[in-house]
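Numbers for residues simply follow the sequence, beginning at 1. Everything quoted here is computed from the prediction, not taken from an experiment.
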Amino acid sequence: EFHWGSEVVSIRVGRRSCSVETLLFDALKGRTEERLHIEDPFQLGRNLHCVLRLENEYALYNKLWEAMQAMSRLEVPTGLAPVETLASGRMAV
């Protein structure tokens, strides 16, 4: 389980890690905020949550939560359901 707000997704490290690990993420801006943390692999001080406005981050969190809930009920999450097939048998685009 990913701990939103207290873990960092890091390609450089190759795993998610606690955001307060000073040896790994000392330069990462905003790492103590209760937000999604994604380390820019080229600019280590850049937290890629900066490209999400806070309301978009909440929307992302809620959609991920809804998808997890659907999968726990063995349902296909909204947006991942198969595309409707047209009467001709072709897939709708």
### Task
Measure across E21 and R15 and return the closest heavy-atom pair with its distance rounded to 0.1 Å.
OE2-NH1, 4.4 Å

### Task
Could you state whether Y58 and Y61 fall into the same hydrophobic cluster, counting links through intermediate Ile, Leu, Val, Met, Phe, Trp or Tyr residues with side-chain heavy atoms under 4.5 angstrom apart?
no

#### Entry: Shared-cluster residues of L28, by chain and number - hydrophobic side chains joined below 4.5 Å
V8, V13, L24, F25

### Query
Same cluster or not: are V76 and M68 linked, directly or through other Ile, Leu, Val, Met, Phe, Trp or Tyr residues, by side-chain heavy atoms under 4.5 angstrom apart?
no

### Task
Kindly give the heavy-atom pair with the smallest separation between M71 and P77, and that separation in Å.
CG-CG, 3.6 Å

### Query
Do I38 and F2 belong to the same hydrophobic cluster, where Ile, Leu, Val, Met, Phe, Trp and Tyr are linked whenever their side-chain heavy atoms lie under 4.5 Å apart, directly or via other members?
yes

### Query
Would L44 and V9 show up in the same hydrophobic cluster when neighbours are defined by side-chain heavy atoms closer than 4.5 Å?
no

### Query
Measuring from S6:OG to E33:CD, what's the distance to the nearest 0.5 Å?
13.5 Å

### Message
I need the H3 NE2 to C18 SG distance, nearest 0.5 Å.
### Response
9.5 Å

### Query
When rounded to the nearest 0.5 angstrom, what is the spacing between OG in S17 and CD in E7?
7.5 Å

### Task
Applying side-chain contact (heavy atoms from CB on, under 4.5 Å), run through E39 and R12 and close with a yes or a no.
CA-CA 8 Å; E39 179 189 53; R12 172 181 62 95; 2.7 Å; yes

#### Entry: Atom CD1 of I11 with >12 non-hydrogen neighbours under 6.0 angstrom
no

### Message
For L48, is there any backbone N or O sitting under 3.5 Å from a side-chain donor or acceptor partner on D40?
### Response
no

### Summary
For E57 and H49 the tightest heavy-atom approach is OE1-CB, 4.1 Å

### Summary
Only residue of H37, K29, R35 satisfying side chain to side chain donor-acceptor pair (under 3.5 Å) with N47 is H37

